[in-house]
*Asks:* 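Quick one: the structure is below, and I'll ask about it shortly.
Treat the numbers as computed from the prediction; the structure is a model and nothing was measured. Order of the sequence lines fixes the chain letters, A, B, ..., with proteins taken first and strands second; residue numbering starts at 1 for each chain.
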Amino acid sequence: MSTSGQPQFRYTQTPSKVLHLRNLPWECTEEELIDLCRPFGKIVNTKCNVGANRNQAFVEFADLNQAISMVSYFASSSEPAQVRGKTVYIQYSNRHEIVNNKSPGDVPGNVLLVTIEGVEAGDVSIDVIHLVFSAFGFVHKIATFEKAAGFQALIQFTDSETASSARNALDGRSIPRYLLPEHVGSCHLRISYSAHTDLNIKFQSHRSRDYTNPYLPVNPTAIEGIVQPALGPDGKKKEPESNVLLASIENMQYAVTVDVLHTVFSAFGTVQKIAIFEKNGGMQALVQYPDVTTAAVAKDALEGHCIYDGGYCKLHLSYSRHTDLNVKAHSDRSRDYTVPESGLLAVQQASGLAAAPTVWQNPQASPMFPGNEYAAAAAMQAQVSAGQVPSWDPTMQAGRQTFVSVPSTFPGQTFPGSSVPAYATAATPGASPHAQTSQMTPGVASMRMNQPALQSNVRPGGSSPGGQPPYYGQ
DNA sequence: AGCACA
């Protein structure tokens, strides 16, 4: 192996339509780069701020001859190539195309996604973050959260120019030591752009702030130092009740889709919204009912039971801190049943249930969250605990079905004497068998859906469900 | 002033 450590520079370089530019001024912008290169041809790609000093760049021309013309021009010119008065050295790159130029996080926006490496959430207060980023302009909102990647913050500026200046100045830098606790070692900021334009901050808390709205209520449970979970009679932590249940699914041998969950949870009342997300390699879901009472009944009835026989897809339920999920109306990871849908609408109206378009609070919730599930989730409800951050993956949209059938071929799925479809459809929110909930007690092997009601409804997808009712074994 | 990204 060559271990000299000295790069072997080639003095005769193979022409490439990609040019390597050095000695650029600090944080040279793409615009400055393009201004320099544009006279020689069509620029199809760039990569700026490359190298340890971020003073190198690559430019890719559409045509090799254009690159050659630029190199040739400056090779024979008495005036060197310059940016901001600095001489720029140009040579052919040793690669022939620029790859992976712009990840989603490189597309500028007014909201930054900041990962603070090497710290825990408690080490960097939101006030410190605010202080650091306010140097570049008015910070509108901040939402912080913890993810596998570390402690992260979404920081909303007025515009992408302000956000860019903050990013350019702070990316890769560290928060000044005097702002941090003693025990914190290095703490580098990794900054990219979020796809968000406006964060949805519900409370002022130690996790989230909205500096544009001083009257926003303070979330008492989210204030640092006041977090003291209520204790139940048995002395165990008692989580506050909620109309939204957090379901974690254990031993998930089979697919658990939004539709499966809707079927299961509709047995206890109208399911308004569902969001499925991954957590620590497992699967969790948030299920929203209209009221706490219904959620409580569902929680008690379903806790510890399995969706499928054989101990598969065992449910564990707790109350979420959410009260109103902000989810895509139709995706394979989430569903908002309060949003009228063609086909559904007719059924709902026919059954006397007003399809209330006013309930659709978040027409903006659908747009792209390119892979930034943490970001999307954070904005969903900024004060949410890290353990309950829903996410969804809009990239999965392409292959989604409107209604996915419950698989009908689960081994060991016993349901004696029943061939009744397991479907509670999105069209049957009113068909929920409250009257039956008393039967839905643990220990009962089969906890059936309201079968007549279910059968009376036609699924929008039109296909005949081949599945059997979910089985709630112990 | 000397080649990114995963």
*Asks:* Are more than 12 heavy atoms from other residues, nucleotides or ligands located less than 6.0 Å from atom NZ of Lys86(A)?
*Replies:*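 It does: Lys86(A) NZ has more than 12 such atoms within range.
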*Asks:* Would one find a side-chain N or O of Gln56(A) under 4.0 angstrom from OP1 or OP2 of dG2(B)?
*Replies:* yes
*Asks:* Take atom CD of Gln13(A) and atom P of dC3(B), then tell me their distance rounded to the nearest Å.
*Replies:* 11 Å
*Asks:* Is there a ring pair (Phe, Tyr, Trp, His ring centres under 6.0 Å) between His140(A) and Phe157(A)? Walk through the geometry before answering.
*Replies:* CA-CA 6 Å; His140(A) 288 230; Phe157(A) 286 100; 8.3 Å; no
*Asks:* Rounding to an integer number of Å, can you tell me how far Asp106(A) CG sits from dA4(B) P?
*Replies:*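 Interatomic distance, CG of Asp106(A) to P of dA4(B): 16 Å.
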*Asks:* Give the C-alpha distance, both sets of side-chain angles, the deciding distance and a yes or no for side-chain hydrogen bond (donor to acceptor under 3.5 Å, both in side chains) between Ser134(A) and Tyr211(A).
*Replies:* CA-CA 11 Å; Ser134(A) 290; Tyr211(A) 300 97; over 6 Å; no
*Asks:* Near Gln82(A) CD, under 6.0 Å, is it more than 12 heavy atoms from other residues, nucleotides or ligands?
*Replies:* yes
*Asks:* Is any NZ, NE, NH1 or NH2 atom of the basic residue among Lys47(A) and Asp106(A) found under 4.0 Å from an Asp or Glu carboxylate oxygen of the other?
*Replies:*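 Looking at Asp106(A) together with Lys47(A), the answer is no, because their closest N to O distance does not fall below 4.0 Å.
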*Asks:* Please state how far atom CD in Gln91(A) lies from atom C1' in dA4(B), giving the value in whole angstrom units.
*Replies:*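 Taking atom C1' of dA4(B) as the reference, CD of Gln91(A) is at 14 Å.
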*Asks:* Just the rounded figure in Å: distance from C1' of dC5(B) to CZ of Arg190(A).
*Replies:*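 Taking atom C1' of dC5(B) as the reference, CZ of Arg190(A) is at 14 Å.
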*Asks:* Taking CZ from Arg95(A) and P from dA4(B), how many angstroms apart are they, rounded to a whole number?
*Replies:* 6 Å
*Asks:* Whole angstroms only, please: what is the CG-C1' distance between Asn49(A) and dC5(B)?
*Replies:* 14 Å
*Asks:* Does the gap between the ring centers of Tyr73(A) and Phe40(A) come in under 6.0 Å?
*Replies:*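 Yes: the rings meet the under 6.0 Å criterion.
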*Asks:* Find the distance Asn53(A):CG to dA4(B):P and express it as a whole number of Å.
*Replies:* 13 Å
*Asks:* Return the stacking result for dG2(B) and Tyr89(A): yes when the ring centres lie under 5.5 Å apart and the planes under 30°, no otherwise.
*Replies:*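 Answer is no, no stack.
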*Asks:* Over how many whole Å does the gap from Leu33(A) atom CG to dA4(B) atom P extend?
*Replies:* 16 Å
*Asks:* Find which nucleotide of DNA chain B each of Asn23(A) and Gly51(A) is nearest to by heavy atoms, and output the residue with the more 5' nucleotide.
*Replies:* Asn23(A)
*Asks:* Please report the C-alpha distance between Arg209(A) and Lys141(A) in whole Å, then the side-chain angles of each, then the deciding distance to 0.1 Å, and finally whether the side chain to side chain contact (heavy atoms under 4.5 Å, CB included) criterion is met.
*Replies:* CA-CA 6 Å; Arg209(A) 295 288 164 80; Lys141(A) 301 176 184 178; over 6 Å; no
*Asks:* Could you check whether Glu97(A) gets within reach of a base, just the sugar-phosphate, or nothing at all, counting any heavy atom under 4.0 Å?
*Replies:* base
*Asks:* Within residues 64-77 of chain A, find the residues that approach DNA chain B with a heavy atom at under 4.0 Å, and present them sorted by residue number.
*Replies:* none
